[in-house]
Amino acid sequence: MPALPDTVAALIGALNKLPGIGPRSAERIALHLVQAEPAAVENLARAILEARRRVQLCAVCGALTEASPCALCSDPRRDAGLVCVVERATDILSLEKSATYRGKYHVLGGKISPLNGVEPEDLRIAELERRLEAEPIREVIIALGTDVEGDATSFYLARRLARPRLKVTRIAHGLPAGSGLEFADEITLSRALEGRREIE
Amino acid sequence: MHLAHLRLRDFRNYPRLDVDFAPGFHLLLGDNAQGKTNILEAIYLIATLRSFRGVGGAQMVRHGQKGYFVGSHIIGQGEHDTKMYWSVRERSLSLDGRPVRKLTDYLGVLRTVVFCTEDLLLVKGPGRGRRRFLDLLLTQTYPGYLPLLQRYTRALRSRNALLKQAAADPRALEGFSRELVSAGQEITRLRRELVPRLSPLARLAYRRISNDAEELRIEYAPSVRQDFAVELAQSQPRERTCRMTVIGPHRDEVQLLLKDRSAAEFGSEGQKRTLAIALKMAQAEYLTGIHGSPPVLLIDDVMGELDAKRRGGLLPLLERAHHAHGQVFMTATEENWPRELAGQVQRWTVKAGALERG
C-alpha cells in the first residue's frame with residue numbers, strides 16, 4: 001500500500017492528540033478533510049482559529065469567556081453572596097444546565113493530586129481568597145467530585161477558607177434522582193446515609 | 001457454576017483453541033511444557049483478570065504475536081459470555097457483548113480457587129501475599145470491597161507522595177489522612193470479620209489432609225489496634241523519618257499458627273505445604289458457603305507433591321464439587337495423577353498447544 005502524503009500523516013497526528021479521537025477516527029477525519037470542498041475546510045479552520053483567539057479565561061472566576069469579566073460575573077441578577085467552587089470551567093456548563101443555581105462561580109483549575117504533581121499553589125485558591133476580601137460573599141459552595149482527590153481538596157478548602165461570617169458548604173452526594181436503592185453501590189449508599197436529612 | 005466453553009487465540013502456546021467442558025472432573029494430562037498450566041491460567045484470568053503466575057499481559061501473548069484473546073461461556077445462575085483481548089496498544093473486556101465499565105459488574109461472573117506451587121508463598125512469603133489472599137476473598141464475596149480498596153490505595157499513595165515532599169501543606173496532608181482513615185477503617189473491619197470465619201474452615205481442612213495432629217489457627221493482626229485516626233496522628237514522628245505512611249491496613253498481618261507457634265518459622269516443609277493447601281481449601285469452602293455453589297477449582301500439579309494419605313484429604317472437597325455440579329480442572333503428568341479418581345474423571349491429553357479427549 002502506498003504511504004500517505006506527509007501532510008496527511010501530519011494532520012492525522014495532530015487530530016489524534018484531540019480528546020476522544022483515536023487513530024482510526026483521526027485518519028477518517030483527515031481523509032475527509034483533504035477531499036472536501038476547499039471553502040468548507042477554510043471555514044472550519046477559520047472557526048477554530050477565531051474561537052481560540054477570542055475565548056479566554058475570565059480573570060475573576062476562571063470561566064471560559066470572550067469578555068473578561070465574564071457574563072456570569074457581571075450579571076447583576078446573580079446573587080453575589082454565593083460562590084460555587086468547581087474543578088473545571090466545563091463544570092459550570094453542567095451546573096448551569098440544571099438552572100437552579102443563581103449565584104456566581106469560581107473555577108479551581110484542578111484538584112490537589114500529589115500523584116500528578118498538583119499542589120495547592122497550582123490551583124486558583126489565592127484568587128478565591130482575594131475574592132473573599134473584595135466581594136460580599138457569605139457562602140462558598142464546594143462542588144468537586146467525590147473521588148479521593150476531590151474529597152481531600154474539599155476538606156483542604158474548608159480549612160483554608162474558614163473565616164468569621166463565611167459559611168463553607170459542600171453539595172450533597174447520594175442517590176441519583178429517580179432511581180431505586182438497588183442500583184446504588186455501597187459507598188454511595190453509606191454516604192447517602194451519612195448525609196440524611198429530616199423530612200420537613 | 002461451570003465453564004462450558006473456552007476459546008483461546010494466541011494465548012501462551014495455544015495458536016487456536018475451542019473446547020467445550022462439561023461439569024465434573026477434568027484431568028489434563030501431558031508432559032512438561034505442553035501447555036497444561038496455561039489452560040488453568042486462562043480460566044483463572046477469566047475469573048480474576050490476573051495471572052496466578054504473577055505476570056503481566058505481555059508474557060501471556062504467544063511468541064511473535066501481537067495480542068491474545070481469551071473468551072468463555074459460563075453457566076451458573078445465568079449464562080454469560082466473556083471476551084478479553086490484550087495487546088500492548090489495545091485491551092478490551094466485554095461481558096455478554098457489552099464493554100465492561102465497572103470491574104464490580106464483571107468480577108463474580110466466574111469464581112475460581114487455584115491450587116498451585118506458588119501457594120507456598122502464602123506461608124513462607126511476606127505479609128503482602130496473605131493480605132492479597134484476604135483481599136481476593138473479600139472481593140469475591142463483598143461487592144463494595146474492590147472500590148474501597150482502590151480508594152484506600154489511592155489515598156495511601158497520595159499521602160506518601162506528600163510525605164516525600166520537603167514542605168508539604170499540613171492541611172493537604174490532613175485531607176488525604178481523612179480519606180485514608182475512612183476507607184482504612186472499613187477495610188480493617190471487613191478483614192477482622194472474615195478471619196474468624198475462615199480459621200475453623202482452614203483448621204478442618206488442615207486436619208483432614210495432614211499427618212500430624214497439630215492444631216492450625218489463623219489470626220488477624222491488624223496494624224491499627226483501635227482508632228485509626230488517633231494512631232495515625234501518633235505515628236507522625238515515625239512518618240517524618242520514614243517519609244511514608246507507617247500504619248494502616250497495608251501493614252496488616254495474618255498469622256498462621258501451628259500449636260500457637262508461627263508456621264513460617266517453626267513448621268516443617270511438609271507442614272507448610274499442607275498449610276498452603278488448607279488455606280486454599282478454606283477459601284473454596286468459604287465461597288461455597290456464601291454463594292451456595294462451589295467455585296471452579298484449578299489444581300496445578302500439587303496433587304503430585306502430596307502422598308496418598310494427604311491426597312485422600314482433598315478428595316471430599318473434590319467430591320462435593322462434583323455433587324454440586326461444580327467443576328474441577330487438574331493438571332498432572334502421566335506418572336503421578338491420582339488413580340483413585342479414575343472412575344469419575346474426564347481425561348484430556350495436552351500436547352504442544354492442543355487439547356484432545358482421552
Side-chain angles (χ1 to χ4, degrees), chain A residues 16 22-27 85 87 108 110-123 125-126 128-129 142 144-163 168 170 173-176 181-195, chain B residues 87-92 101-108 138-139 141-187 189-190 229 243-245 248:
Chain A
N16 196 7
R24 284 220 191 110
S25 308
E27 192 179 295
V85 177
E87 187 187 330
L108 223 46
K111 52 199 173 183
I112 303 172
S113 175
L115 294 175
N116 296 314
V118 181
E119 294 175 26
E121 294 72 52
D122 302 318
L123 305 175
I125 302 175
L128 180 56
E129 285 176 322
I142 300 175
L144 301 178
T146 55
D147 55 353
V148 170
E149 284 91 347
D151 278 351
T153 309
S154 299
F155 175 81
Y156 175 84
L157 283 176
R159 283 289 154 95
R160 179 156 162 191
L161 301 179
R163 56 206 68 199
V168 179
R170 169 145 205 217
H173 34 223
L175 297 177
L181 291 186
E182 70 268 31
F183 297 115
D185 61 86
E186 283 73 7
I187 293 183
T188 307
L189 270 178
S190 69
R191 288 187 167 217
L193 272 172
E194 275 167 31
Chain B
S87 75
V88 174
R89 291 198 55 185
E90 195 188 340
R91 46 211 73 176
S92 69
R101 300 204 183 285
K102 275 164 60 193
L103 279 183
T104 40
D105 298 338
Y106 177 85
L107 297 171
L138 284 165
T139 307
T141 53
Y142 182 77
Y145 191 74
L146 187 64
L148 194 66
L149 194 63
Q150 286 167 336
R151 227 183 141 82
Y152 179 80
T153 311
R154 185 94 193 153
L156 177 68
R157 289 175 53 212
S158 303
R159 214 173 166 273
N160 285 347
L162 280 176
L163 288 167
K164 296 232 168 14
Q165 287 173 10
D169 190 322
R171 286 170 301 195
L173 188 66
E174 205 185 334
F176 286 99
S177 299
R178 279 168 54 103
E179 292 303 310
L180 190 82
V181 167
S182 76
Q185 268 172 338
E186 194 64 6
I187 290 172
R189 185 180 68 80
L190 288 165
R243 293 191 168 270
M244 59 177 171
T245 310

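Naming convention: chains lettered A, B, ... in sequence-line order (proteins, then strands); numbering from 1 in each chain.
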Less than 4.5 Å apart, side chain to side chain, heavy atoms only: is that true for B:Y152 and A:V148? no
Answer with side chain, backbone, both or neither: which region of B:R178 has an atom nearer than 4.5 Å to a non-hydrogen atom of chain A? side chain
Contacting region of A:E149 [heavy-atom separation from chain B under 4.5 Å]: both
Spatial distance of atom CD1 (A:I112) from atom CG (B:D169) [nearest 0.5 Å]: 7.0 Å
Name the region of B:Y145, side chain, backbone, both or neither, that has any atom closer than 4.5 Å to a heavy atom of chain A. neither
Can you tell which of A:A152, A:S154, A:A158 has the highest number of heavy-atom pairs within less than 4.5 Å of chain B? A:A152
Could you check whether atom CZ of A:R163 has more than 12 heavy atoms from other residues, nucleotides or ligands sitting under 6.0 Å from it? yes
Given a strict heavy-atom distance threshold of 4.5 Å, which part of B:Q165 is in contact with chain A: side chain, backbone, both, or neither? side chain
For A:F155 and B:G175, the nearest pair of non-hydrogen atoms, with its separation, is CD2-CA, 3.3 Å
Does atom CZ (B:R157) have a neighbourhood of more than 12 heavy atoms from anything else shown, all under 6.0 Å? no
Residue pair B:A172 / A:Y156: nearest heavy atoms and the distance that separates them: N-CD1, 3.4 Å
Within the structure provided, determine whether B:R154 and A:L115 are in side-chain contact (heavy-atom separation under 4.5 Å). yes
Measuring heavy-atom distances to chain A, does B:E179 have an atom under 4.5 Å in its side chain, in its backbone, in both, or in neither? side chain
For the pair B:R151 and A:D151, find out whether any cationic side-chain nitrogen is under 4.0 Å from an anionic carboxylate oxygen. yes
Under 4.5 Å from any heavy atom of chain B - which part of A:T146: backbone
Would you give the length of the straight line joining atom CG of A:L157 to atom CZ of B:R171, rounded to the nearest 0.5 angstrom? 10.0 Å
